[in-house]
Amino acid sequence: MYFMTERIYEYQKNILEKILEDKYDLKTSLIWSKPPSSDLGDISFPLFNVAKQLSIPPSELAIAIQESFSEPKYINKVEIQGGFLNLYLNKQSFSLDTLLKILSDAKYGQSTIKSSERIIVEHTSSNPTGPLHIGHFRNSILGDVIGRLFRFMGAAVNFRYYVNDLGRQIAPLIIGYHLLKEKGIEPNIKVDLWIGKIYATMNTFLEIQQLKEHLNSIGIKGTSKDNLYSLSLEETSKCKEVLKDHKLRGTEKEQIFESIDKLFRVQNSLEERIPDVYLELRKLTSKQITDLNQLTMEYVIEYQKGKDKELVSKFRKVTQEALAGHVETLNLFNIFHDDFDWESDVAWSGEVETILVKLEKNKFLIHDGKARLLDNDKIGTNLGFKEKYNLKYEMPSSIIVNSEGITLYPCRDIAYHLHKLEKFNASYCYNVVGKEQQFPQLTVKLALYGLGEPDIADKIEHFDFETVNLVGRKMAGREFEYVTPDEVYDLVKDEVNILLEERDYSEEEAKNISEKVATSSIKYFILRMDPKKLVVFDVKKAVNLNENTGPFLQYSYARALNIIKKAKENSLEIQEILSNAEQMNFDIEKEEEWELIKMMEELPYILVKAAESLRPDSVANFTYSLVAAFHKFYDSCPVLKANPDTLRDSRLLIVYCFLKCLESLFEVIGIDYLEKM
RNA sequence: GGACCAGUAGUUCAGUGGAUAGAAUGGCUGCCUGCGGAGCAGUUGGUCGUCGGUUCGAAUCCGAUCUGGUCCGCCA
């Protein structure tokens, strides 16, 4: 069999190259392509380039090659069209070999090309300040499928989640959470959603306080102290009135106007949408917390030190709960992490201080008062980083310690990455993180260079992707404004259940179907888009079950499987038919049949290409094309009613192989197959 | 001001140097409920943001430009 070792396309290419060498003494590398339609053959070689090298007209060269070409087993016909040499495959042997290969593989398309690699995929790593929303979820899906893809290529894959429990944004949440807890108010919804409400509320209080203090500091005293955490209408209009005549610079003044309006709007919106949490917390906070801003700072600093046991357990409890909510959502969608790394653990390890000392010693820190900046351009230029990564511009430096001497999150990130690969003895590490973090991600690598660890840095890659917006608006955790996978899941499930009512399924079956359809629907909707393109999430479209959707793929599987089932009901011995495969005749006449087989042959190479180019979406799109080819086959090539029996058997084999293809693809894109729908 | 990304049928998206740029959906026209459904066939629709360049050949590579998004010293 030719492609036990190499693909027929490559094989033919080598033959042609040999001819060129023998005949013209020319060593060259040809490229092959697929002709636009089957009428023009199955493999095509443009000869323009070679013709030019030899100074022979392309058509003349094609004729010369055609004369020397003989390959009766796999090629039926060789034709010349302009400067193209077109080969027509022998359908009989190509089909048979392809199908036998699919049959004999445990998992068709599985490979060992990455079997020497140990790969970390860090993904999701969402702030524990609320539930996962569809935007985070794009991250989860992409990370998960990249990992699955590498695993299918033979790599050992380790999925990690970095828990960002140290940010300043956490503190107000902790404060609010415990205010409610002391009052005996417990979550009445999924806990991460509950946390999301508290976070949005407390953060708004904090921002209002900061705004008021800022206004005070520039001499605008139109705000009252007794309602430090809320804005009244009179208050805002009075402030804006005074501000108009204030001698601030235009842009600064505009910014203040904007933030007054925004906070006023957010406050009212929260009050209206989540009155339970919002009103209760406003009461509690204004009564018990005299200075939220101050308390937030104290909490952050203390937690970073990690010495105050009581405070540590307060922080850990809340973040743990939020994280549990994330994990619950992820697991619902069949996404699992192997390890969780806590940012606070990194901070407490003392590694950050060591790193700062070392960077200082290596003279890569810029001083600005107490603040420290990483001299990215100096590192990039002096240590060959810019050259290696082909960066030609001057790189701005990045702040890693603020003017109060407090280390910022990039410090922890650098420390984390210094030892991250060791945790799994990894040969490579993908960080699946939104594209807005390109610069910080670059900073980490530069810092590792600056620390004399370029080998580690070179093994880290930022897999970035675009954001997900909602129709007409962005998602905003701080405003409790988002769509969660959980709620879309419920919507799709309801939709499916309505459809299933008309059918005769047991409760258990119906549950299984609606759950698997719901997850595939959402996952596929996001996965199939190019990661670099902005997704506008439209719930109505994600709920759609036809067209290019996850459920449509599942439906195709069930449809194909049904043929096999029916065959068994007609007392056909499938195993026996399959074991006779080698004797089968594939004198294919139907175009639809041929296209399907050719596409199945392509599957392993699609996967390799997807892994190499880091395009998980291409696997999804290929799956859809394959399924579309199957439906065309289904419509034009009767299987069970095919006559004679030998034709029926060969088509049964095709259907069986198609199922195996889908099983492999589903494993990679992480959707479940269903036996019936 | 600098950097990165995107711009393709009315719409949602494929297509990372090859032939007449594909699919789905929408619109229009037929057929039909025949292994499993609102299915099938046909038809309509694009100066691939714009302008240059490289090439036998460009949606694809290079340069400029427009539009949108994101980032660029104290959030993560």
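Here is the naming used below: chain letters follow the sequence lines, and residue numbers restart at 1 for every chain.
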Checklist outcome for this item: Closest of B/G18, B/G15, B/G73 to the A/P46 side chain is B/G18

Item to check | Integer-rounded Å distance: B/G73 P and A/D375 CG | outcome: 14 Å

Next on the checklist: Between B/C62 and B/A6, how many Å separate the two P atoms, rounded to a whole number?
Outcome noted: 11 Å

Checklist entry - So which nucleotide does B/C28 pair with, by the Watson-Crick or G-U wobble rule with both distances under 3.5 Å? => result B/G42

Next on the checklist: Regarding A/K540 and A/E495, does a basic nitrogen lie under 4.0 Å from an acidic carboxylate oxygen?
Outcome noted: no

Checklist entry - What is the distance from CG of A/N127 to C1' of B/A76, rounded to the nearest Å? => result 6 Å

Checklist entry - How would you label the contact of A/A51 with the nucleic acid (heavy atoms, under 4.0 Å): base, sugar-phosphate, or nothing? => result nothing

Item to check | G-U wobble or Watson-Crick pairing nucleotide for B/U47 (cut-off 3.5 Å, both distances) | outcome: none

Checklist entry - Do NZ/NE/NH1/NH2 and the carboxylate oxygens of A/E466 and A/R138 come within less than 4.0 Å? => result no

Item to check | Chi-angle category of B/G73 [syn within 90° of 0, anti beyond] | outcome: syn

Pairs under 3.5 Å (N/O, protein and nucleotides 6-8 of chain B):
{"from": "B/G7", "atom 1": "OP1", "to": "A/K533", "atom 2": "NZ", "distance (Å)": "3.0"}

Next on the checklist: Over all strands shown, is A/I366 touching base, sugar-phosphate only, or nothing at heavy-atom distances under 4.0 angstrom?
Outcome noted: nothing

Next on the checklist: Please enumerate all residues that pass side chain to side chain donor-acceptor pair (under 3.5 Å) together with A/K388, with sequence neighbours excluded.
Outcome noted: A/D458

Checklist entry - Which whole number of Å gives the distance between the P atom of B/C71 and that of B/U50? => result 29 Å

Next on the checklist: I need the CZ-P distance between A/F48 and B/G18, as an integer number of Å.
Outcome noted: 12 Å

Item to check | cation_pi(A/R559, A/Y634) dist<6.0 Å, angle<=45 | outcome: yes

Checklist entry - What is the distance from atom CG of A/L166 to atom SG of A/C411, rounded to the nearest 0.5 Å? => result 11.5 Å

Checklist entry - Base, sugar-phosphate alone, or nothing: which one does A/M529 contact when heavy atoms must sit under 4.0 Å apart? => result sugar-phosphate

Item to check | Chi angles and distances behind the ring pair (Phe, Tyr, Trp, His ring centres under 6.0 Å) call for A/F465, A/F463 | outcome: CA-CA 7 Å; A/F465 61 94; A/F463 178 90; 7.1 Å; no

Checklist entry - Mind checking what makes side-chain contact (heavy atoms from CB on, under 4.5 Å) contact with A/A567, not counting sequence neighbours? => result A/L572, A/I574, A/L640, A/L652

Identify every side-chain donor-acceptor pair in residues 530-537 of chain A under 3.5 Å, counting partners at least two apart or on other chains, and give the distances.
{"from": "A/D530", "atom 1": "OD1", "to": "A/K532", "atom 2": "N", "distance (Å)": "2.9"}
{"from": "A/K532", "atom 1": "NZ", "to": "A/D464", "atom 2": "OD1", "distance (Å)": "3.4"}

Item to check | Residue whose closest nucleotide on RNA chain B lies nearer the 5' end, A/D635 versus A/V639 | outcome: A/V639

Item to check | Any strand: nucleotide that pairs with B/U55 via Watson-Crick or wobble, under 3.5 Å | outcome: none

Contacts under 3.5 Å, N or O only, protein and nucleotides 70-72 of chain B:
{"from": "B/U70", "atom 1": "OP1", "to": "A/K474", "atom 2": "NZ", "distance (Å)": "2.1"}

Item to check | B/U12 - base-pair partner by Watson-Crick or wobble geometry, distances under 3.5 Å | outcome: B/A23

Checklist entry - Which comes earlier along RNA chain B counting from the 5' end, the contact point of A/L47 or that of A/R168, where each point is its nearest nucleotide? => result A/L47

Item to check | From CA spacing to verdict: ring pair (Phe, Tyr, Trp, His ring centres under 6.0 Å), A/Y303, A/W348 | outcome: CA-CA 9 Å; A/Y303 186 54; A/W348 301 338; 5.6 Å; yes

Next on the checklist: So if I define the base as every atom that isn't primed, P, OP1 or OP2, how would nucleotides 19-26 of chain B read as a B/S/- string at a heavy-atom cutoff under 4.0 Å?
Outcome noted: B---SSS-

Checklist entry - When the C1' atoms of B/G68 and B/C31 are considered, how many whole Å apart are they? => result 45 Å

Checklist outcome for this item: Here the distance between atom P of B/G17 and atom CG of A/N49, to the nearest Å, is 14 Å

Item to check | Verdict with supporting geometry, A/F552 and A/H631, ring pair (Phe, Tyr, Trp, His ring centres under 6.0 Å) | outcome: CA-CA 11 Å; A/F552 183 65; A/H631 285 283; 4.9 Å; yes

Item to check | Integer angstrom distance from the P of B/U11 to that of B/G26 | outcome: 15 Å

Item to check | Counterpart base for B/U70, defined by Watson-Crick or G-U wobble contacts under 3.5 Å | outcome: B/A3

Checklist entry - Rounded to the nearest Å, what distance is computed from the CD atom of residue A/Q169 to the P atom of nucleotide B/C75? => result 11 Å

Checklist entry - Can you name the residues that form a side chain to side chain donor-acceptor pair (under 3.5 Å) with A/Y416, not counting sequence neighbours? => result A/D341

Next on the checklist: Measuring only the P atom in each nucleotide, how far is B/G63 from B/A23? A whole number of Å is fine.
Outcome noted: 34 Å

Next on the checklist: Check this for me: does any side-chain nitrogen of one of A/E593 and A/R651 sit under 4.0 Å from a carboxylate oxygen of the other?
Outcome noted: yes

Next on the checklist: Taking only the C1' atom of each, what is the distance from B/C4 to B/C40 in whole angstrom?
Outcome noted: 47 Å

Checklist outcome for this item: By side-chain contact (heavy atoms from CB on, under 4.5 Å), A/K676 pairs with (sequence neighbours left out) A/Y505, A/E509

Checklist entry - Looking across every strand, which nucleic acid part, if any, lies under 4.0 Å from A/K541 by heavy atom: base, sugar-phosphate, or nothing? => result sugar-phosphate

Next on the checklist: Under the rule for side-chain contact (heavy atoms from CB on, under 4.5 Å), what residues qualify as partners of A/L499, not counting sequence neighbours?
Outcome noted: A/L545

Next on the checklist: Taking pairing as Watson-Crick or G-U wobble with both contacts under 3.5 Å, can you name the mate of B/G34, or confirm there isn't one?
Outcome noted: none

Item to check | Nearest-angstrom distance, P atom, B/G49 to B/A21 | outcome: 15 Å

Checklist entry - Over how many whole Å does the gap from A/Y409 atom OH to B/A76 atom C1' extend? => result 6 Å

Checklist outcome for this item: Those residues at least two apart in sequence (or on a different chain) that pass side chain to side chain donor-acceptor pair (under 3.5 Å) with A/E573 are none

Item to check | OP1 or OP2 of B/C75 under 4.0 Å from side-chain N/O of A/R412 | outcome: no

Item to check | A/K386 NZ to B/A3 P, straight-line distance once rounded to whole Å | outcome: 12 Å

Checklist entry - Between B/U12, B/A14, B/C74, which one does the side chain of A/N402 approach most closely? => result B/C74

Checklist entry - Which letters describe nucleotides 60-66 of chain B, given B = protein heavy atom under 4.0 Å from base, S = only from sugar-phosphate, - = neither? => result -------

Next on the checklist: Taking the P atom in each of B/G39 and B/A24, what is the distance between them to the nearest angstrom?
Outcome noted: 12 Å

Item to check | Under-4.0 Å salt bridge between A/K632 and A/D635 | outcome: no

Tabulate below the donor-acceptor pairs under 3.5 Å that side-chain atoms of residues 46-53 of chain A make, not counting sequence neighbours, or state none.
none

Checklist entry - Whole-Å distance between B/C5 C1' and A/L614 CG? => result 16 Å

